[in-house]
Amino acid sequence: MLWERVNFQSEGLSICHSLECEDPFIEFDYNSDANIADVYSAFVKQIIKEIQQKDRCTGCSILKRQAYKPVNIKIITLNINIQCNCRCLYCCSHSSNMEQSVNIVPYLKQLADRNMISADCFLDFGGGEPTIDPYFEETLDYAEKNRYMIRVNTNAIKYSYFLESHLKNNPDINVRISVDSGKRETYQKIKGTDAFDNVWENIGNYRKASDNISIKYVITKYNVSQEDLSGFVMMCEKYHITQVFIDIDHDAYTGNDRYGWADYTEDMLNAARSLMNMAKERGIRTFAGYVWTADDNSQESYDYNLIEKNADGRRILTSGATILLPEKYIRHREKACITYKRYNDLTELCSELKGRKVFLYGAGYFGEKMYEVIQNKVTIEGFVDLNLGGSTCMGKKVIFPHELKTMADIDVIITCGACNEVMEYINREGINQLANHLYYITLADLIYYEKKLN
């Protein structure tokens, strides 16, 4: 139920986590004097009214008709501080701006003062990277003091002795570490940093402190080789890991009416199945992310944030599902979909495009910044922009997207924030010239690269 949950995000709050409908979101200024308990309560009532008027959440498989009864918050997720020391291909939230950090403890206290938080609340530290958040230790202390069930999602690049000490003394703390590879080379490509050996060493140290350590493998197009899958399982065995979470690249579940579902390949599905089977054969518990079961009306859309109690009454973190994608998503779309190649290393991208004719799709700040950084490394012919076609940018011509249909032997880098909308347009208009010639790197990675140059 949506009123059992609150997700703290960098610019506000959301109160659900379904992939089938838009997550109800409200902006919140963490510098204001507003009491978050008042904001949350009013927002839940507003959303319930909209649901009753059938203006929201229609078609969601977890939506049930029942009398509204206020209940305490059982799940709190923290995605409020997005600074990170990693640059994962499947994540666009990474940033090194420490000014974005917010101390969440006063807001948790405001909710607790109204008795709005359940006694068995689950607090989920999301990202960026929690262990580099200046308020991480204070928040962890507060959550532990209030006997919350706690999960820390970390990349384990930085080892936290503070977290280790809490792991040793509190069985209600779980740590989930995303590795996403079984080879050093693949790790570097996906994560944007060469920390494979260091991360596994840190995993080993966390594992010595507690058995509540799980390792996550996000399936992408770049880590589906048998060598990666078997290497990952072998490392899990080496460090006595007992739980593995298998999830899917975010771009592959942007919704069944978007290009993203078609971007999910049969190789990715087979890799997920293979990884699950290999882990199970070695006695490792395997869990599939709730996304794998989303949008299937024959069952509930499960989240793996569920809390259960074992025989001795100890709270454990478990999963509501261990299956993979619903059958309708296993069947790959008949019509091929144009997708982009993603990079987090601009040097690698420029190397691939050397000697090619390149257009930048987006003539705004992102596009201008890209031009400034790479103009001496690749041949930039011009810009593409739906709204600015016919003008110039940085002294180069700006063409309309449909003009790409008349061109051959070109490559395009997407340089705008509306990446999904660009992909939808390209596929809807059938600009097939861009198949295998479309690229994307986040603005955050571009700025990171620019800082390295300076």
Side-chain angles (χ1 to χ4, degrees), residues 7-10 30 76-108 122-146 148-181 187-188 190-218 235 239 241 243 245 247 305 317 344 444-445 448:
N7 309 309
F8 288 93
Q9 301 183 33
S10 59
Y30 292 97
I76 299 174
T77 61
L78 304 181
N79 292 310
I80 192 170
N81 299 322
I82 63 173
Q83 65 273 7
C84 191
N85 52 357
C86 201
R87 303 190 330 277
C88 300
L89 278 174
Y90 53 78
C91 178
C92 60
S93 296
H94 46 261
S95 169
S96 58
N97 184 2
M98 297 301 290
E99 295 179 359
Q100 296 177 19
S101 295
V102 174
N103 186 354
I104 203 66
V105 172
Y107 301 103
L108 295 177
F122 169 53
L123 183 70
D124 201 15
F125 284 89
E129 170 54 35
T131 62
I132 66 173
D133 176 9
Y135 300 109
F136 170 67
E137 296 182 2
E138 181 181 350
T139 307
L140 185 61
D141 271 338
Y142 177 83
E144 187 174 40
K145 177 183 177 182
N146 287 275
Y148 295 168
M149 184 76 172
I150 301 166
R151 180 171 63 192
V152 180
N153 295 282
T154 174
N155 55 41
I157 292 174
K158 172 184 178 290
Y159 192 75
S160 172
Y161 291 96
F162 182 83
L163 177 57
E164 178 196 277
S165 66
H166 284 258
L167 274 170
K168 288 179 178 178
N169 300 310
N170 187 351
D172 283 343
I173 297 180
N174 295 260
V175 173
R176 185 170 64 182
I177 302 164
S178 186
V179 179
D180 312 325
S181 57
Y187 181 94
Q188 186 168 358
I190 291 178
K191 312 296 271 188
T193 184
D194 185 8
F196 183 79
D197 297 331
N198 172 61
V199 164
W200 277 109
E201 181 181 350
N202 290 341
I203 288 172
N205 290 328
Y206 281 133
R207 181 63 182 84
K208 291 175 184 176
S210 171
D211 60 357
N212 289 341
I213 309 297
S214 59
I215 310 300
K216 189 175 181 180
Y217 199 105
V218 177
M235 295 300 285
Y239 291 101
I241 299 301
Q243 290 189 107
F245 282 87
D247 215 329
N305 292 345
L317 190 65
N344 49 20
D445 281 325
Y448 173 86

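Residues meeting the side-chain contact (heavy atoms from CB on, under 4.5 Å) test with N170, sequence neighbours left out: E144, D172, I173. Applying the side-chain contact (heavy atoms from CB on, under 4.5 Å) test to N153 and every residue at least two apart in sequence or in another chain returns D124, R151, R176. With sequence neighbours excluded, no residue forms a side chain to side chain donor-acceptor pair (under 3.5 Å) with T139. Listed by chain and residue number, Y159 satisfy the ring pair (Phe, Tyr, Trp, His ring centres under 6.0 Å) test with Y206 (two or more places apart in sequence, or in another chain). Residues that satisfy the side-chain contact (heavy atoms from CB on, under 4.5 Å) test with Q188, not counting sequence neighbours, are D194. When the side chain to side chain donor-acceptor pair (under 3.5 Å) test is applied to S214, no partner is found at least two apart in sequence or on another chain. Residues forming a salt bridge (charged side-chain N to carboxylate O under 4.0 Å, His left out) with D141 (at least two apart in sequence, or on another chain): none. Residues passing the ring pair (Phe, Tyr, Trp, His ring centres under 6.0 Å) test with Y30, sequence neighbours excluded: F28, Y107. By the side-chain contact (heavy atoms from CB on, under 4.5 Å) test, Y448 is found to be paired with R87, K452, residues two or more places apart in sequence or in another chain being considered. Shown here are the side chain to side chain donor-acceptor pair (under 3.5 Å) partners of Q9, two or more places apart in sequence or in another chain: S14.
Between T77 and F122, every side-chain heavy-atom pair lies at or beyond the 4.5 Å cut-off. Annotation: side chain of L167 is in contact with side chain of I213 (closest heavy-atom distance under 4.5 Å). At least one side-chain heavy atom of W200 sits under 4.5 Å from a side-chain heavy atom of I215. Using a 4.5 Å heavy-atom threshold, the side chains of V179 and I203 count as touching.
Note: I76 CD1 to L108 CG = 5.0 Å, rounded to the nearest 0.5 Å. Annotation: the span from T154 atom OG1 to F136 atom CZ amounts to 7.5 Å, rounded to 0.5 Å. If you take OH on Y239 and CG on N205, they are separated by 8.5 Å, rounding to the nearest 0.5 Å. Atom OH in Y142 sits 10.0 Å away from atom CG in L123 (nearest 0.5 Å). Atom CG of N344 sits about 8.5 Å away from atom SG of C86, to the nearest 0.5 Å. The structure places CG of N81 at 9.0 Å from CG of N103, a figure rounded to the nearest 0.5 Å.
Here the closest non-hydrogen pair linking P134 and S101 is CD-OG, 3.4 Å. When all heavy atoms of Y217 and S181 are compared, the pair lying nearest together is CE1-N, 3.4 Å. The minimum heavy-atom distance linking N85 with I132 is given by the pair N-CD1, 3.9 Å. Counting all heavy atoms, side chain and backbone alike, I177 lies closest to A156 at CG2-CB, 3.7 Å.
Judged purely by atom type and a 3.5 angstrom limit, S165 has no side-chain atom pairing as donor or acceptor with the backbone of L163. Side chain of D180 to backbone of Y187: no donor-acceptor contact under 3.5 angstrom is found. Checked by atom type and distance alone, the side chain of K191 never pairs as donor or acceptor with a backbone atom of F196 at under 3.5 Å. Listed for the S210 side chain is a donor-acceptor partner under 3.5 Å among the backbone atoms of N212.
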Determine, step by step, whether N155 and E129 satisfy the side chain to side chain donor-acceptor pair (under 3.5 Å) criterion, reporting the C-alpha distance in whole Å, the side-chain angles of both residues, the deciding distance to 0.1 Å, and the verdict. CA-CA 7 Å; N155 55 41; E129 170 54 35; 3.2 Å; yes
Could you go step by step and tell me if L140 and F125 meet the side-chain contact (heavy atoms from CB on, under 4.5 Å) rule? CA-CA 9 Å; L140 185 61; F125 284 89; 4.1 Å; yes
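Within the structure, salt bridge (Lys or Arg N to Asp or Glu O under 4.0 Å) pairs that include any residue of residues 152-171 comprise E164-K168 (at least two apart or interchain).
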